[in-house]
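Chain identifiers are assigned alphabetically (A, B, ...) following the order of the sequence lines, protein sequences preceding nucleic acid strands; residue numbering begins at 1 within each chain.
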There are 2 protein chains.
Amino acid sequence: MDTKDRQIIRALQRDGRMTNQDLAEAVNLSPSPCLRRVRNLEAKGVIQGYSAEVDPAAYGLAITVFVRIKLERHNEEDVQKFEKRVRLIDEVLECHVMTGAMDYQLRVLVPDLEAYENFIRNRIHPIGGIASIDTSFVYGTVKRTAVFPLSR
Amino acid sequence: MDTKDRQIIRALQRDGRMTNQDLAEAVNLSPSPCLRRVRNLEAKGVIQGYSAEVDPAAYGLAITVFVRIKLERHNEEDVQKFEKRVRLIDEVLECHVMTGAMDYQLRVLVPDLEAYENFIRNRIHPIGGIASIDTSFVYGTVKRTAVFPLSR
DNA sequence: ACTGAAACTTTCATTTC
DNA sequence: GAAATGAAAGTTTCAGT
């Protein structure tokens, strides 16, 4: 992971469909060593995949919610159960283990408020062992980028 | 935005570098109408771009932080100033306006704790007009996907 | 041994029908 | 939606550092 690798990563974060030729040009490399580096980054799991960035509202998912959840107990069994169940919920795009008063933060996408109510009632509460839930809806988005800051 | 469009979107969220040929096959369309739909989704801003998904830790950004911020005043001027300044900070990958006790939630990426301290001191505090800051570090990630749940 | 260049093969995007 | 054409992209090989 040197400067060239980081340049490649940032270029592919800006445009994941860039051709290898353009990428090579952008980072001042010829196509074959450039492709070698990309393949290597993919193989090592540094580049985990490529994805289209989509406007959730235009797709029909107007509501983005950050849900913070605290468990009642933190024994291995309850934690595993919670995490396993959460991974299976389609509406949950992200789930992080957090420091602070709450244990988890979820990013959830639903079409409307009613769907969110159903999500909590039918997907989250049935998991059990939940001490408290804190919901914050997204009003608007000031910034959203995939491009990392340059390191070093 | 019909079922085919949503299928296309979800396929491109799973693999943003998919060729039009493979995409067409995946959604049971022939290449030319498929490409027409993709171009249309791009033109309408539904598909906003394509990006590589990168492991932040492997890139050298080991610390993910969710920072919730409350402003002292909510007049147009102070709000605009805050949002303008936040957009310029490279370490801030996301900034949302939120319901609840805090006004904003930021997703921040830094190499280490020291860098986070410097980030707050040199990037956030100098903006001014901030009433309170609440920091939650990410311990681990249970789930992270780009693929939307299917709607309808 | 690793990087850069070039040629060749294959595949894809585009346009027309 | 299919087919043809033109353009790229990937792969492999070779040369140089």
How would you list, by chain and number, every residue that makes a side-chain hydrogen bond (donor to acceptor under 3.5 Å, both in side chains) with A:Ser30, sequence neighbours excluded? none
For B:Glu77, the side-chain hydrogen bond (donor to acceptor under 3.5 Å, both in side chains) test, sequence neighbours excluded, returns none
What residue pairs, at least two apart or across chains, pass salt bridge (charged side-chain N to carboxylate O under 4.0 Å, His left out) with a residue in [range]?
range: residues 24-36 of chain A; value: none
range: residues 3-23 of chain B; value: B:Asp5-B:Arg37
range: residues 121-138 of chain A; value: A:Arg68-A:Asp134, A:Glu117-A:Arg121

Quick test of your reading: applying side chain to side chain donor-acceptor pair (under 3.5 Å), list the pairs with at least one residue in residues 100-113 of chain A, sequence neighbours left out, ordered by first then second residue. A:His74-A:Asp103, A:Glu83-A:Tyr104, A:Glu94-A:Arg107
Residues pairing under side chain to side chain donor-acceptor pair (under 3.5 Å) where one sits in residues 43-60 of chain B, two or more places apart or in two chains, turn out to be B:Glu42-B:Tyr50
Please give me every residue in residues 41-54 of chain B whose heavy atoms get under 4.0 Å of an atom in DNA chain D, ordered by residue number. none
Tracing side-chain contacts under 4.5 Å among Ile, Leu, Val, Met, Phe, Trp and Tyr outward from B:Val147 reaches none
A:Asp78: what forms a salt bridge (charged side-chain N to carboxylate O under 4.0 Å, His left out) with it, not counting sequence neighbours? A:Arg73
Range on DNA chain C touched by chain B, heavy atoms, distance below 4.0 Å: C:dC12 to C:dT15
Show me the protein contacts with nucleotides 3-12 of chain D, counting only N or O atoms at under 3.5 Å.
none

For the pair A:Phe66 and B:His96, name the ring-plane relationship: parallel under 30°, tilted 30 to 60°, perpendicular over 60°. tilted
